[in-house]
Amino acid sequence: MASVRVRFAPSPTGMLHVGGARTALFNWLYARHTGGRFILRIEDTDRARSTDEAVAIIFDGLRWLGLDWDEGPGVGGSLGPYFQSQRTEIYAGYVDRLLSSGTAYEADGAIRFRMPKSPCIIRDLICGDVRFDRLEEPDIVIRRSDGSPVFHLVNVVDDIEMGITHVIRGEDHLSNTPKHMALFEALGAPIPQYAHIPLILNPNGSKMSKRDEGASIGEYIRSAFVPEAVRNYLCLLGWSPKDDREILPIDEVERLFDLGNVNRANARFDLRKLVWMNGQYLRALSPRAIRELAQPLLAAAGLADASADPAHTEAVIGLFREKLQRADELPGRAVYFFKDDYPVEPDAAARLADPANRENLRLLVPAFESLGEFTAAATEAAVRDLAAKSGQKAATFIHPCRAAVSGCTAGPSLFHMLEVLGRETTLIRLRSASA
RNA sequence: GGCCCCGUCGUCUAGUGGUUAGGACACAGCCCUCUCAAGGCUGGUACACGGGUUCGACUCCCGUCGGGGCUGCCA
């Protein structure tokens, strides 16, 4: 059997949609699983929308997800060019063939293809056999009166020219497939195997489109999601390993993935679960990796630019790592590690207004001053010692202290936090709060 | 409207004639604990409906209902 050749053929619309990304992923997985080739082809026949920037967004999204292509823009291949805008001669040749064989004709300046009025059966690898009677199919336009070729034609021509063996695409194309099969037949080309994958829907069940929350891969890149997490989540929309595993390394998915075990029902997109999964991946990352991921976000928030001490940033990240689900939570939660003018929550302010708490904060100052090493262990010992001597619970020192040094009522372990803050900053904030 | 696909907890799914219908997210409670998380434990919630077939249906068939897609000189 000839080796598998699959393709992802997006049109540059200015974004990479999660549905498109999932289609690309399944094509890529199938190619990797079978040892075949994954081809990227840009369907940029609509010149107005197809800017270099729009094309770059697709490349960036695919690369971010780790979906490398074997043939296509940037990597070449013998069956290019891989931009439809550069293939107009090829399409013209095929239209001529259709015209001279009589299976296409001119009408109102456009060229129409004679749709056969006979039944056809799609032997779909996912949907099973699907029969279309095709009795009333109108003759489709394959070249517009302005001379530009239409999607159905270019799609089929390119699949023929590029030797595509398996067409893996969204189920929204299932109804188009009889047209495509007729075109393959009229051109004397073998019909590829089809695999129509279910669609990704909004939480409310409507079709997910550009504007919907979470629809753009670019959003995940900008908010510093872990690409492996997004990819892992996408794998599970319409496919599963059939056991109870969900967090799966990609090479394991490559090994297990097959078109036969792709679901047939549409799936709704659940951002909460994606975020949970992102948290799972995030926690497995080193503080350094998280720092690199979150760097643009921290810089944008004015917290840690290029000149910031990476060791300090990583120490801060170490404190938060277990608590984060998304890297973009970091700037909002770690302000007080980077600036002295951090916000104070109302509950924290109330705590600091309490005279009893302020008295405890005053006691903390000399206790911390006298410490040899300002470590988490040392400050904790000092606080617990102070609590014991004053007959109070440690919490009556801990909570006000947290409020005093961070302006928050929740955060990382207090003592580890103090260590990262350092003695000097800690004492300044304690004195200021208790004054 | 016509044609096509689909229908297991709120969501993602496992299940291919006999299961206490499993897992995960979310939710609730408990444990842990300096807070918040994380983690652990526990709990509730599902086979769309109606007919068949069968000793026996979530599993097979038909119908209904519901959701989605296509029906362009968009892709």
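Basis for what follows: all heavy atoms, side chains included, without hydrogens, waters or symmetry-related copies. Protein chains get the first letters and strands the later ones, always in sequence-line order, with residue 1 at the start of each.
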So, OP1 or OP2 of [N]: does either fall under 4.0 Å of a side-chain N or O from [X]?
| X | N | result |
| --- | --- | --- |
| K323(A) | A38(B) | no |
| R384(A) | C34(B) | yes |
| S240(A) | A14(B) | yes |

In plain terms, say whether [X] and [Y] are close enough for a salt bridge, that is, a side-chain N and a carboxylate O under 4.0 Å apart.
| X | Y | value |
| --- | --- | --- |
| E369(A) | R431(A) | yes |
| D124(A) | R264(A) | no |
| R131(A) | D133(A) | yes |
| K389(A) | D385(A) | yes |

Can you tell me if [X] uses its side chain to pair, donor with acceptor, with the backbone of [Y] under 3.5 Å?
| X | Y | value |
| --- | --- | --- |
| K117(A) | M115(A) | yes |
| D354(A) | A356(A) | yes |
| D159(A) | I164(A) | no |
| E329(A) | R326(A) | yes |
| R423(A) | L371(A) | yes |
| R291(A) | T313(A) | no |

What residue pairs, at least two apart or across chains, pass ring-ring contact (aromatic ring centres under 6.0 Å, His included) with a residue in residues 396-423 of chain A?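 Residue pairs with at least one partner in residues 396-423 of chain A: there are none.
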With sugar-phosphate meaning primed atoms plus P, OP1 and OP2, does [X] contact a base, only sugar-phosphate, or nothing at under 4.0 Å between heavy atoms?
| X | result |
| --- | --- |
| S148(A) | nothing |
| D146(A) | nothing |
| R143(A) | nothing |
| A394(A) | nothing |
| G238(A) | sugar-phosphate |
| A265(A) | sugar-phosphate |
| P198(A) | nothing |
| H152(A) | base |

Of all heavy-atom pairs between A327(A) and N278(A), which one has the smallest distance, and what is that distance?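 Of all heavy-atom pairs spanning A327(A) and N278(A), the closest is N-ND2, 4.4 Å.
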Extract from the structure each pairing of a protein N or O with an N or O of nucleotides 67-70 of chain B at less than 3.5 Å, listing the distance.
{"from": "G68(B)", "atom 1": "O2'", "to": "N266(A)", "atom 2": "OD1", "distance (Å)": "3.3"}
{"from": "G69(B)", "atom 1": "O2'", "to": "D172(A)", "atom 2": "O", "distance (Å)": "3.3"}
{"from": "G69(B)", "atom 1": "N2", "to": "S175(A)", "atom 2": "OG", "distance (Å)": "3.2"}

Tell me every residue that passes ring pair (Phe, Tyr, Trp, His ring centres under 6.0 Å) with Y336(A), counting only those two or more places apart in sequence or in another chain.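 Y336(A) satisfies ring pair (Phe, Tyr, Trp, His ring centres under 6.0 Å) with no other residue.
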Residue closer to the 5' end of RNA chain B, R131(A) versus S145(A) (nearest nucleotide):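 Final value for this comparison: R131(A).
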Which is more 5' along RNA chain B, the nucleotide nearest E136(A) or the one nearest R402(A)? Just name the residue.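 Here E136(A) is the residue nearer the 5' end.
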Show your working on ring-ring contact (aromatic ring centres under 6.0 Å, His included) between F8(A) and F38(A) and close with a plain yes or no. CA-CA 8 Å; F8(A) 175 53; F38(A) 175 57; 7.1 Å; no
Considering Watson-Crick and G-U wobble pairs with both distances under 3.5 Å, what does [N] pair with?
| N | result |
| --- | --- |
| G7(B) | C65(B) |
| C41(B) | G29(B) |
| C60(B) | G52(B) |
| G1(B) | U71(B) |

Would you tabulate the nitrogen or oxygen pairs shorter than 3.5 Å linking the protein to nucleotides 40-43 of chain B?
none

Between H33(A) and F26(A) (judged by ring centroids, cut-off 6.0 Å), do the two rings come close enough to count as a pair?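 No, ring centres 6.0 Å or more apart.
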Spacing of the [atom1] atoms in [M] and [N] (rounded, Å):
| N | M | atom1 | answer |
| --- | --- | --- | --- |
| G67(B) | U8(B) | C1' | 15 Å |
| A38(B) | C27(B) | P | 9 Å |
| U11(B) | U42(B) | P | 25 Å |
| U45(B) | A21(B) | P | 12 Å |

How does each nucleotide of nucleotides 23-28 of chain B score, in 5' to 3' order, for protein heavy atoms under 4.0 Å: base (B), sugar-phosphate only (S), or none (-)? BBSSS-
Listed pairs, N/O of protein and of nucleotides 59-63 of chain B, under 3.5 Å:
none

